Amino acid sequence: MPAGWSRAWVWRVVVVRSDADVPGGVCPLLDSLGDPSELEVKAGVPEGLSVLVAPDLSVDGRLSRFFLTFAPSSLATARSYASTFATFFGFLDRRGRSWDVATLEDVDAYRFWRLADPGNPGRISAASFNRELAALGRLYRWAAARGMVGVNPVRVRKASLGEGRFADVPEGRVRGAKSSDVKWLTSRAFERWRDVGLCGYLADGRRDPSWRGRNDTRNRAYVNGLWGTGLRSQEWASVLTSELPVAGAERRRYYATRVSAGVAKTRARSYWVPAGVLAEIDAYVRLERRHAIHRAWDDGRYDRLRGLRVVTRATAKRLTFTHRGRVERLPLAALDARQRRSLFRETADGLEPLSVWLAETGEPMSHLSWAKAFDRANDRCARLGLGDLSCHPHMLRHSYALKMLLAAQRAYDLRLASHLSAEELRDFRLTFGSPFDLVRHLLGHRDVQTTIDTYLEPVAGLSAEVFLNGDIDAEVSELLATVVASSDQVLDVPVGLR
């Protein structure tokens, strides 16, 4: 709670979760309605939906309708918006206003309070405020178009996008703001965060004798998978056992498979899994995952789950399953993350989930559960004296992009530079694409500019000479050292901790 605030001004964000344990006997009316998860499915309420709860515990249905406009793959963005709204609405409550009568002056006062008010110890950066303003602008444009507010309190101006196209941009943005958040990790920093935060090691590399983690193999395989594939957390968290590539006898370094359209943010695409990650997943499936399933059998947990889809036939593109007593057939691409966690198969010993990643209880994990695991790992790193070393799932995607750019550049130089003249090399890149285009493809971006501006920001200030005319014998680690030295947004570990 911000300093000086009353609880009467505190809004809360609640996220819909299908794995939430709703105890019986607390509210007779709630008990009479049946299973909450089934009610949410019938009402079209997706898992991960953000719900804003006012200080008096009421819920404004108009705000819930706004969050329903987000695609399932954008629910993380919706949660970030909800946190912004909770802070802004609390600020309005303190001024005696509700969100639907906010004025231009309210937003101006909020800007001062968030950025410069000496009485606010929770002031934020200019870049963070710009993100908050963009979120508020989206809400109030949507509400104004539906007559829910009389005035849009977020001023906008027309900004040219080129080629005769324009967009509304909030006027109150802080110009020239640059993010100061660390968004990239070197391999050394990632490994130190993983080992200390998730796998029970101390900051000096020794095993922590007090560590009691029972999911080290799972956690290590999961984060190594994010680091090695560049997938979004929801995409990797939703993978099924049948979708994992099978490592062959040819001993390849990477194996190709696909992200389904049902969980991809934009569209289905191919991705590549390192052989080492597949080996770690195999170890997890044979040990920790198997123990989790046995615990669920012993507890009868799967028998109590509702809405299961028991798969009777599966191909690469289509599933046949029984669901609530009916036989259904659906393309695999039609199933979202929540539906995927309901997929089971019948074995000689009992039901078994198709999801790769399981909690200790044996139930499939959502990417929301993984976000909590990252938070716990960050807390552990901070307790053990590594306060500057933290990570969230999307940082691993950013880091993958940077790593693959450097590797692609080196591969281009090694295979082409010794055979083509400088002019021929430029012509080749114009025809077949640059290393930036390759990274765009790996990340699944439609526009290469998104890849460059957002995911590869650390290289923006480097001389083009490093990439276009670099030493063909340079190692990727040497190029990365150049990037680390030029950008304070790439997180490395001190020499003494390497």
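On a predicted model such as this, the values are computed, not experimentally measured, just so you know.
Annotation: W357 is in aromatic contact with W236 [ring centroid separation under 6.0 Å]. Centroid-to-centroid, the aromatic rings of W99 and F91 stay 6.0 Å apart or farther.
Judged by distance alone, with hydrogens and angles left aside, the side-chain atoms of R397 form a donor-acceptor pair with the main-chain N or O of L443 at under 3.5 Å. Using modelled atom types, no side-chain atom of K403 and backbone atom of S187 make a donor-acceptor pair closer than 3.5 Å. A distance-only check finds no donor-acceptor pair linking the side chain of S369 to the backbone of M365 [under 3.5 Å]. Between the side chain of S260 and the backbone N or O of V263, no donor-acceptor pair lies under 3.5 Å. Panel note: side chain N378, backbone C391; a donor-acceptor pair is recorded below 3.5 Å.
Here CG of L185 is found 4.5 Å from OG of S399. Values are rounded to the nearest 0.5 Å. Atom CG of D195 is separated from atom OH of Y201 by 6.5 Å, given to the nearest 0.5 angstrom. One finds the CG atom of L335 at 6.5 Å from the CZ atom of R309 (value rounded to the nearest 0.5 Å). Atom OG of S83 is separated from atom CZ of F85 by 10.0 Å, given to the nearest 0.5 angstrom. Rounding to the nearest 0.5 Å places OG1 of T241 at 4.5 Å from CG of L354. For the atom pair CH2 (W184) and CG (L402), the distance works out to 8.0 Å, reported to the nearest 0.5 Å.
Between Y81 and S50 the shortest side-chain heavy-atom distance does not fall below 4.5 Å. Put simply, the side chain of R340 reaches to within 4.5 Å of the side chain of L332, judged on heavy atoms. Contact check for L68 versus L49: side-chain heavy atoms found under the 4.5 Å cut-off. Side-chain contact between L231 and R269 is present, with heavy atoms from C-beta onward closer than 4.5 Å. Looking only at side-chain heavy atoms (C-beta outward), Y254 and Y271 stay at 4.5 Å or farther from each other. Contact check for T312 versus F321: no side-chain heavy atoms found under the 4.5 Å cut-off. In this structure the side chain of S355 never reaches within 4.5 angstrom of the side chain of L343, judged on heavy atoms. Side-chain atoms of Y400 and L226, non-hydrogen and from C-beta on, never get closer than 4.5 Å to each other.
Note on R383 versus D379: no salt bridge recorded, every NZ/NE/NH1/NH2 to OD/OE distance being 4.0 Å or above. Ion pairing between a basic and an acidic side chain is recognised when a charged N comes within 4.0 Å of a carboxylate O; R220 and E280 show such pairing. Salt bridge status for E363 with R301: present, with a side-chain N to carboxylate O gap under 4.0 Å. Remark: E235 engages R232 in a salt bridge, criterion side-chain N to carboxylate O under 4.0 Å. Taking the charged nitrogens against the carboxylate oxygens, R380 and D208 do have a contact shorter than 4.0 Å, which makes a salt bridge.
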Derivation of the side chain to side chain contact (heavy atoms under 4.5 Å, CB included) call for N215 and E360: CA-CA 8 Å; N215 299 295; E360 284 191 61; 3.2 Å; yes
Full working for side chain to side chain contact (heavy atoms under 4.5 Å, CB included) between V310 and R345: CA-CA 5 Å; V310 181; R345 67 186 181 95; 5.9 Å; no
Criterion salt bridge (Lys or Arg N to Asp or Glu O under 4.0 Å) on D282 and R286, from CA distance to verdict: CA-CA 6 Å; D282 181 63; R286 287 186 290 104; 3.0 Å; yes
Working for salt bridge (Lys or Arg N to Asp or Glu O under 4.0 Å), residues D60 and R62: CA-CA 5 Å; D60 190 326; R62 296 172 297 178; 2.9 Å; yes
Intermediate values then yes/no, salt bridge (Lys or Arg N to Asp or Glu O under 4.0 Å), E288 and R214: CA-CA 8 Å; E288 287 180 3; R214 294 191 294 182; over 6 Å; no
Criterion side chain to side chain contact (heavy atoms under 4.5 Å, CB included) on L330 and Q339, from CA distance to verdict: CA-CA 11 Å; L330 281 176; Q339 293 167 325; 5.7 Å; no
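Side chains of T217 and Y222: no donor on one and acceptor on the other come within 3.5 Å. Side chain to side chain, S270 and R258 meet the donor-acceptor criterion of an N or O pair below 3.5 Å. Side chain to side chain, S128 and R131 meet the donor-acceptor criterion of an N or O pair below 3.5 Å. A side-chain donor-acceptor contact under 3.5 Å links R194 and N224.
The minimum heavy-atom distance between V356 and L244, with the atom names listed, is CG2-CD1, 3.8 Å. Considering all non-hydrogen atoms of both residues, A86 and V13 come closest at CB-CG2, 4.1 Å. Minimum interatomic distance between T361 and A296 (heavy atoms only, all atoms of both residues): O-CB, 3.3 Å. The two residues L384 and A203 make their nearest non-hydrogen contact at O-CB, 3.7 Å. Contact record, Y284 with L358: OH-N, 2.9 Å, taken as the closest heavy-atom pair. In plain terms, the two heavy atoms of R207 and W211 that are nearest each other are NH2-CD1, 3.5 Å.
By the 6.0 Å contact criterion, CZ on R313 is open, its count of non-hydrogen atoms from other residues, nucleotides or ligands being 12 or less. Under a cut-off of 6.0 angstrom, the local environment of CZ in R206 is sparse, with at most 12 non-hydrogen atoms contributed by other residues, nucleotides or ligands.
By the salt bridge (Lys or Arg N to Asp or Glu O under 4.0 Å) test, R218 is found to be paired with no residue, residues two or more places apart in sequence or in another chain being considered. For R290, the side chain to side chain contact (heavy atoms under 4.5 Å, CB included) partners are I293, H294, W297, E352, not counting sequence neighbours. By the salt bridge (Lys or Arg N to Asp or Glu O under 4.0 Å) test, E132 pairs with R114, sequence neighbours left out.
Both tests pass for R138 against the ring of F70: distance under 6.0 Å to the centre and angle within 45° of the axis.
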